[in-house]
Enquirer: 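Here's a structure for you.
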Amino acid sequence: MMTTKKLSELAKTIRSKNAGTDKITFDVIFRERDVYEMVKRSGALTRASVSALFNIGDNRITDFVEYDPAYAIKFTILRPRPSGSPGDPDIFGAQQYAPLLDVDVTVDA
Amino acid sequence: MTKSLKVICPNGHLGFAPLKTESFRIAVEAGTDYIAADSGSDDIGPVPLGSDTCASPRAWQEHDLEVMLLAARKTGKPMIIGSAGDTGTNSRVDMYVEIIRDLARKHDLAPFRLGWFYSEVDKEAVRASIRGGSPVRGLDGRPDLDEAELDATDRIVAMAGVHPFRALLEEGCDVIIGGRSSDSAIFAAAALHEGFPDAQAYYLGKVLECASFCAEPYGAKETVMGEITPEWVEVTAMHPEQRCTVASVAGHAMYERSNPFHEYVAGGLLDMTNCHYEQVSEKTTRVTGMKFVPAEEFRVKLEGSGRLGARFVGMAGIRDPYTIANVDAVIEWARTQVRERFGDDGWELHYNVFGRNGIMGEMEPLKDKPAHELLIVVQGVAPTREMAEELTITGTRQLFYARLPEVKGTAGGVSFVFDEVMEASPGCRWTLNHTMAVNDPLALFPTHSEIVGSDVLETA
C-alpha cells in the first residue's frame with residue numbers, strides 16, 4: 001500500500017549552507033539506507049521538483065547528487081547575487097532549506 | 001618515514017566561537033604530533049575582507065590561540081593556524097603574530113621559532129596577468145575577470161595550498177600563522193612534511209578542517225583527532241559524548257561544498273568518489289580509497305571584495321492587513337521619495353520584508369501568504385556617510401507617509417521600534433571568486449620567521 005509522508009518525517013537532517021560565495025548547497029540526509037532508497041525511488045526530490053519548489057530555473061541548479069556513502073541527496077544552486085551583498089538576508093545561506101521540510105513523499109506503507 | 005602521524009583540530013573556524021577546552025585537553029593528553037586549526041571562512045560575507053576587519057571579538061581569537069599555544073609549547077609539538085583572523089589578510093596575520101608574541105611574553109615561554117606568511121595579492125599583479133594574456137578565470141559561473149571589476153575591488157587574498165606551510169616547517173618553525181589558505185592544506189602540509197602520500201594527506205585535512213562537524217551527535221567547537229598512515233586515515237571524536245561514525249564522516253565530505261566527491265586545492269584535486277568508510281571502534285572511523293590528481297596547470301584561487309559605500313539600516317513594522325496586502329506599493333512610495341531627492345542612481349536601497357519573504361526572496365514558496373504582521377528592514381548604501389544616512393532615513397520614514405487609497409489609519413502607516421537609522425558596516429560585494437595561473441607555488445605567499453620568547457632577538 002502506498003501512503004504519503006513529509007520529507008521532515010523521513011530525513012534525519014535537512015539543511016542549507018553556503019558553498020563558497022556564489023552558491024548555496026542543500027543536504028537531505030537519511031538515517032537508514034532503505035528510507036534513503038525509498039525517497040530516491042519516489043521521485044520526490046529531483047532537479048525538476050526542487051526547481052519548481054524554489055521557483056528557480058534549472059540553469060541555477062549546478063549540481064544534483066545522490067550520495068550513497070552518507071545516504072544523502074544533495075543539490076546546489078547559484079545565488080541571485082553573491083553572499084553578503086547589501087540586501088542579502090541570509091549571508092550564510094543557512095535558512096533556505098525550510099520548504100524542503102514539507103515536501104510530500106509517496107512511500108510504501 | 002614515520003609509521004603513523006596524529007593531528008588534532010579543536011575548532012573549525014578559530015575565533016568565530018571559542019573552542020571547548022575539555023575535549024581539547026583530552027586530545028592533548030592522548031598524545032598528538034601536531035595541533036592545527038583554520039581561522040578563516042568566506043561564509044562571513046564580503047565585509048571583513050572589503051574593510052580589513054575581523055568578524056569576531058579579538059578576545060575569542062586570543063582565547064583559542066592561548067589554549068593551543070600553551071599545549072603546543074608544553075608538549076613540544078608544532079602548531080599551525082591558517083587564514084588568520086577570518087580573512088587571512090596581511091593585517092590579520094600581523095595581528096595573530098603579535099598575539100603569539102604577547103602570549104609568549106605573558107607565559108614566559110622558552111624560545112621557539114614562529115613562522116608566518118602573507119596571502120594578499122596586489123591588484124597590479126592581477127592586472128598584469130590579465131594584460132599578459134593569462135585570463136583570470138571565473139569560478140561558479142562567473143565570467144573571466146575584467147579590469148572594471150578589478151578596479152571595483154579593494155582587497156584580494158590568494159588561497160594558499162600546502163606550499164608556504166611546508167616551507168616554514170622545513171625551516172623548523174614551531175608555530176605557524178598562515179594568511180588565507182585552503183582549510184585542508186593546513187593539515188595536509190603537516191602530513192606531507194612527515195612523508196605521507198598526497199591522497200591520504202589531503203583527505204586528513206579535509207576530514208579535520210571543521211573539527212567536530214565530522215562527529216555526532218551535533219556539537220561544534222569540540223576537538224577531533226586524525227591519524228594518518230600510507231594506507232588510511234582514521235578520525236576519532238575526543239568529546240566523551242561524541243563519536244565519529246561512518247555516517248558522520250561520510251556526511252561531512254559534502255558539508256559546505258557543491259559536490260561531495262571532489263575537493264580542489266592549489267595544485268590538484270582530492271577525489272573521494274571511491275572512499276570506503278569503516279567503523280573500527282566506537283569513536284573512530286577509518287577511511288580508505290581516496291585519490292589525489294595533481295593539476296596540470298598551477299592555478300591559485302583569488303577572493304576579492306570591493307567597498308560599495310557607507311551603509312545605514314532602518315526598520316519599520318506593519319500590522320494593518322490592508323497595508324500588508326499593499327506593502328509593495330508602500331515600499332515603492334518610499335523609493336520614489338528617495339529618487340526625487342537623490343536621482344535615479346549612485347545609491348542602493350534594499351528592502352527585506354520579514355513575515356512575507358524576507359529570508360528567501362523570490363525563492364519563497366509562501367510569498368503570497370504574508371503573516372499578520374511584517375517587519376521591513378531597510379538598507380541604504382551611498383558614497384558618503386552623510387548621504388547614506390539621509391538616504392536610509394528617507395527610505396524608512398517615508399514608509400510612514402505612504403499614500404494608500406483605502407487605508408483607514410491616516411495617522412501613520414508603519415510602526416517604529418526606533419525612529420532613527422543605525423550605521424552598519426560598509427556595504428561590500430564579493431568581486432573576485434576566480435583563479436589565476438602562477439609559475440611558482442610560493443610566489444604569492446612570502447614567508448618570514450623569527451625566534452620568539454625569553455627576550456631572544458633574532459630574525460631570519
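Note on naming: letters A, B, ... go to the chains in the order of the sequence lines (proteins, then strands), and numbering restarts at 1 for each one. This is a predicted model, so every value here is computed, not measured.
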Enquirer: To the nearest 0.5 Å, tell me how far A:T21 OG1 sits from B:I44 CD1.
Expert: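 Interatomic distance, A:T21 OG1 to B:I44 CD1, rounded to 0.5 Å: 12.5 Å.
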Enquirer: Report the option among A:I29, A:V65, A:I24 that has the most heavy-atom pairs separated by less than 4.5 Å from atoms of chain B.
Expert: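 Winner by heavy-atom pair count: A:V65.
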Enquirer: Quick one: which residues of residues 252-259 of chain B reach chain A at under 4.5 angstrom, heavy atoms only?
Expert: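 When heavy atoms of chain A are the reference, residues 252-259 of chain B contributes B:A253, B:M254, B:Y255, B:E256, B:R257, B:S258, B:N259 within the under-4.5 Å range.
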Enquirer: More than 12 non-hydrogen atoms from neighbouring residues, nucleotides or ligands closer than 6.0 Å to NZ on A:K5, yes or no?
Expert: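 Open: at most 12 neighbouring heavy atoms sit under 6.0 Å from NZ of A:K5.
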Enquirer: Tell me which of these, A:R15, A:Q95, A:R81, has more heavy-atom pairs under 4.5 Å with chain B than the rest.
Expert: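 Among A:R15, A:Q95, A:R81, the one with the most close pairs to chain B is A:R15.
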Enquirer: Do B:E364 side-chain atoms and A:F54 backbone N/O form a donor-acceptor pair below 3.5 Å?
Expert: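 Checking the backbone N and O of A:F54 against the side chain of B:E364, no donor-acceptor pair under 3.5 Å is found.
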Enquirer: So which atom in B:N433 and which in A:D22 form the shortest heavy-atom distance, rounded to 0.1 Å?
Expert: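 Shortest heavy-atom separation between B:N433 and A:D22 comes out as ND2-OD2, 2.9 Å.
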Enquirer: As an exercise, state the distance from CG of A:N18 to CG of B:D42, rounded to the nearest 0.5 Å.
Expert: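 Those atoms lie 7.0 Å apart.
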Enquirer: To the nearest 0.5 angstrom, please state how far the OG atom of A:S83 sits from the CZ atom of B:R429.
Expert: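 Rounded to the nearest 0.5 Å, the OG-CZ separation comes to 12.5 Å.
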Enquirer: Aromatic rings B:F261 and A:Y67: how do their planes relate, parallel, tilted or perpendicular, breaks at 30° and 60°?
Expert: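 Perpendicular, since the angle between the ring planes exceeds 60°.
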Enquirer: Can you confirm whether A:D34 is buried at CG, in the sense that more than 12 heavy atoms of other residues, nucleotides or ligands lie under 6.0 Å from that atom?
Expert: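 More than 12 within 6.0 Å, yes.
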Enquirer: Rounded to the nearest 0.5 Å, how far does CD1 of A:I77 lie from CE of B:M363?
Expert: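 CD1 of A:I77 is found 3.5 Å from CE of B:M363.
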Enquirer: What residue among B:V47, B:L308, B:L349 forms side chain to side chain contact (heavy atoms under 4.5 Å, CB included) with A:P86?
Expert: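 Result for side chain to side chain contact (heavy atoms under 4.5 Å, CB included) with A:P86: B:L308.
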Enquirer: Checking B:K367 against chain A: side chain, backbone, both or neither under 4.5 Å from a heavy atom?
Expert: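 Contact with chain A is through the side chain of B:K367 alone.
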Enquirer: Contact part of A:R31 toward chain B, heavy-atom cut-off under 4.5 Å: side chain, backbone, both or neither?
Expert: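 Nothing of A:R31, per the 4.5 Å heavy-atom cut-off to chain B.
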Enquirer: Not counting sequence neighbours, which residues clear ring-ring contact (aromatic ring centres under 6.0 Å, His included) with A:F64? List them please.
Expert: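 Per chain and number, A:F64 pairs via ring-ring contact (aromatic ring centres under 6.0 Å, His included) with A:F75.
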Enquirer: For residues B:M360 and A:P99, determine if any side-chain heavy atom of one lies less than 4.5 Å from a side-chain heavy atom of the other.
Expert: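 Heavy-atom side-chain distance check passes, below 4.5 Å.
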Enquirer: Between chain B and each of A:D88, A:N55, A:T62, count heavy-atom pairs under 4.5 Å; write down the option with the most.
Expert: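 With the most close heavy-atom pairs to chain B, the winner is A:N55.
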Enquirer: What part of A:R60 gets closer than 4.5 Å to chain B, counting heavy atoms only: side chain, backbone, both or neither?
Expert: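 For A:R60, the side chain is the part near chain B, not the backbone.
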Enquirer: CG/A:L78 to CZ/B:R142 distance, rounded to the nearest 0.5 angstrom?
Expert: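 The CG atom of A:L78 sits 10.5 Å away from the CZ atom of B:R142.
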Enquirer: Within the side chain of B:N352, is there an N or O that forms a donor-acceptor pair under 3.5 Å with the backbone of A:G87?
Expert: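 At least one qualifying donor-acceptor pair exists.
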Enquirer: Do the side chain of B:D140 and the main chain of A:K23 share a donor and acceptor less than 3.5 angstrom apart?
Expert: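 Absent.
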Enquirer: Pick whichever of B:G427, B:S248, B:S305, B:P365 has the most heavy-atom pairs under 4.5 Å with chain A.
Expert: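 Most heavy-atom pairs under 4.5 Å with chain A: B:P365.
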